[in-house]
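Report on the structure given below.
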Amino acid sequence: VVTYNTLIAGLCKVGRLDQARQVLESMGEAGCDANIVTFNTLINGLSNANRLEEAVLVMHGMMKRKGCSADAVTYNVVINGFCKSGDVERAYKLLEEMKAAGVSPDTFSYTIMINGLCKSLNFDKADELLHEMISTNCVPNVVTYNTLITGYCKAQNLDRACQLLDVMLKGGCAPDVVTYSAVIDGFCKSGDVQEGFRLFEKMTFRGCRPDVVTYTVLITGLCKAGQLDEACKFLEKMIDAGCMPNPGTYSLVVDGLCKVEKLDIAYELMTVIQEKGCITD
RNA sequence: UACUUAUGAGUAAU
């Protein structure tokens with residue numbers, strides 16, 4: 001079964017969904033019964049391809065089989081599909097349906113739903129779910145908090161984002177590089193690059209290593225603020241810190257320089273970057 | 001300790 005599941009997952013990943021489905025259907029004749037993971041894998045593939053009604057049909061088909069019932073992953077996958085497609089209401093209904101069917105939502109379920117609600121700017125409901133999960137002894141993890149924090153940052157509610165960061169610190173849930181990058185991005189997008197750098201200092205002080213995204217966020221902020229010299233310096237600092245920029249990172253700086261007609265500096269930067277062993281595209 | 005689900009940035013020229 002595991003071999004089959006791996007094959008189906010591979011087919012789904014490259015978009016050969018119909019073939020994945022055929023493989024699943026042929027398993028019975030081959031004397032190998034599909035299990036819950038097999039179905040979840042296919043349902044996830046359909047869901048990612050936005051073939052949601054089909055995903056639901058496969059889910060229901062599976063539930064009619066003997067010895068097969070939907071588990072938390074099954075629901076999570078479909079709920080996530082509806083959230084990503086923008087149909088948050090349908091997703092929410094499925095979460096209710098899940099509870100009614102006696103399948104307890106897990107940390108993934110709540111995080112997925114909270115993400116959907118944040119993306120549709122329904123923060124009241126998102127907070128409500130956070131409390132609901134805590135009251136049902138389902139522990140929010142770093143991803144759950146990151147999801148909410150990102151949502152609030154995008155909505156430029158930085159006070160609430162920082163408040164949640166505090167909850168994490170005090171509640172023993174260590175913020176990670178995603179948490180910090182999200183909040184730093186929030187500060188930069190609000191025009192306060194300074195505050196972004198202050199948090200950058202704090203994160204390194206607390207032992208959290210910035211990655212390529214963290215640096216890119218700050219460099220983007222500097223470029224948007226017209227501080228191109230600083231952006232260049234910071235780009236070099238990043239490389240010296242052992243963090244390799246990807247093509248997106250430095251093309252952003254090069255683009256910024258070109259827009260203010262500092263073409264010579266842009267060219268110089270390219271040279272420096274290449275000398276440092278970065279691959280330019 | 002095999003297989004499936006959730007979170008952050010950038011993405012130009014034509």
Side-chain angles (χ1 to χ4, degrees), chain A residues 1-13 20 24 32 34-48 55 58-59 62 70-81 83-84 91 98 105-119 126 133 140-154 161 164 168 175-186 188-189 196 203 208 210-224 231 235 238 243 245-259 266 280-281:
Chain A
V1 206
V2 176
T3 314
Y4 270 107
N5 291 350
T6 308
L7 173 66
I8 291 171
L11 289 169
C12 286
K13 202 176 290 174
L24 189 151
C32 182
N35 65 14
I36 183 70
V37 175
T38 322
F39 280 103
N40 288 346
T41 305
L42 178 66
I43 293 168
N44 184 44
L46 291 166
S47 196
N48 284 334
V58 172
M59 175 175 163
M62 175 193 75
D71 67 1
V73 175
T74 320
Y75 282 103
N76 293 349
V77 161
V78 181
I79 291 172
N80 193 35
C83 282
K84 291 270 152 77
M98 173 181 189
D106 60 11
T107 302
F108 275 68
S109 320
Y110 281 110
T111 305
I112 289 165
M113 198 61 236
I114 286 173
N115 189 35
L117 290 165
C118 286
K119 294 277 159 23
M133 76 187 286
N141 64 14
V142 61
V143 179
T144 316
Y145 284 111
N146 288 349
T147 302
L148 272 163
I149 288 174
T150 302
Y152 280 114
C153 285
K154 293 254 185 275
L164 283 167
M168 290 179 81
D176 65 8
V177 62
V178 174
T179 323
Y180 288 112
S181 301
V183 181
I184 292 171
D185 187 48
C188 287
K189 296 253 157 69
M203 78 182 276
C208 181
D211 69 5
V212 59
V213 174
T214 322
Y215 283 104
T216 305
V217 162
L218 284 162
I219 292 171
T220 305
L222 290 169
C223 286
K224 291 246 164 76
L235 182 65
M238 155 183 196
C243 184
N246 56 32
T249 313
Y250 47 75
S251 63
L252 151 75
V253 183
V254 172
D255 185 49
L257 288 166
C258 289
K259 283 196 175 123
T280 48
D281 64 355

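All values derive from a computational prediction rather than experimental measurement. So you know, we letter chains A, B, ... as the sequences are listed, proteins then strands, and number each from 1.
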**OP:** Pick base, sugar-phosphate or nothing for A:Val217, based on heavy-atom distances below 4.0 Å to the nucleic acid.
**Re:** sugar-phosphate

Original post:
Hey, does A:Val2 have a side-chain heavy atom less than 4.5 Å from the side chain of A:Thr6?
Top reply: yes

Original post:
Is A:Thr111 touching bases, backbone alone, or none of the nucleic acid, heavy atoms closer than 4.0 Å?
Top reply: base

Original post:
Looking across every strand, which nucleic acid part, if any, lies under 4.0 Å from A:Lys224 by heavy atom: base, sugar-phosphate, or nothing?
Top reply: nothing

Original post:
NA contact type, A:Lys13, heavy-atom cut-off 4.0 Å: base, sugar-phosphate, or nothing?
Top reply: nothing

**OP:** Could you tell me whether the side chains of A:Ser47 and A:Asn44 share a donor-acceptor contact shorter than 3.5 Å?
**Re:** no

Original post:
Which part of the nucleic acid does A:Asn141 contact within heavy-atom distance under 4.0 Å: base, sugar-phosphate only, or nothing?
Top reply: base

**OP:** For RNA chain B, note the earliest and the latest nucleotide, 5' to 3', having some atom under 4.0 Å of a heavy atom belonging to chain A.
**Re:** B:A2 to B:G10

Original post:
Contact class for A:Thr41 vs. all strands (heavy atom < 4.0 Å): base, sugar-phosphate, or nothing?
Top reply: sugar-phosphate

**OP:** Mind checking A:Val37 for me? I need base, sugar-phosphate or nothing, with any heavy atom below 4.0 Å counting as a touch.
**Re:** base

Original post:
Can you check side chain to side chain donor-acceptor pair (under 3.5 Å) on A:Asn115 and A:Asn80, steps first, answer last?
Top reply: CA-CA 9 Å; A:Asn115 189 35; A:Asn80 193 35; 5.2 Å; no

Original post:
Just checking A:Val78: base, sugar-phosphate only, or nothing, at a heavy-atom cut-off of under 4.0 Å?
Top reply: nothing

Subject >> Worked verdict on A:Thr41 versus A:Asn5 for side chain to side chain donor-acceptor pair (under 3.5 Å) >> reply: CA-CA 7 Å; A:Thr41 305; A:Asn5 291 350; 5.5 Å; no

**OP:** Verify the distance criterion only: is there a donor paired with an acceptor across the side chains of A:Asn76 and A:Asp106 at less than 3.5 Å?
**Re:** yes

**OP:** Pick base, sugar-phosphate or nothing for A:Thr150, based on heavy-atom distances below 4.0 Å to the nucleic acid.
**Re:** sugar-phosphate

Original post:
With a non-hydrogen cut-off below 4.0 angstrom, is A:Thr214 in contact with a base, only sugar-phosphate, or nothing?
Top reply: base

**OP:** Please check if any side-chain donor atom of A:Thr111 sits under 3.5 Å from a side-chain acceptor atom of A:Thr147, or the reverse.
**Re:** no

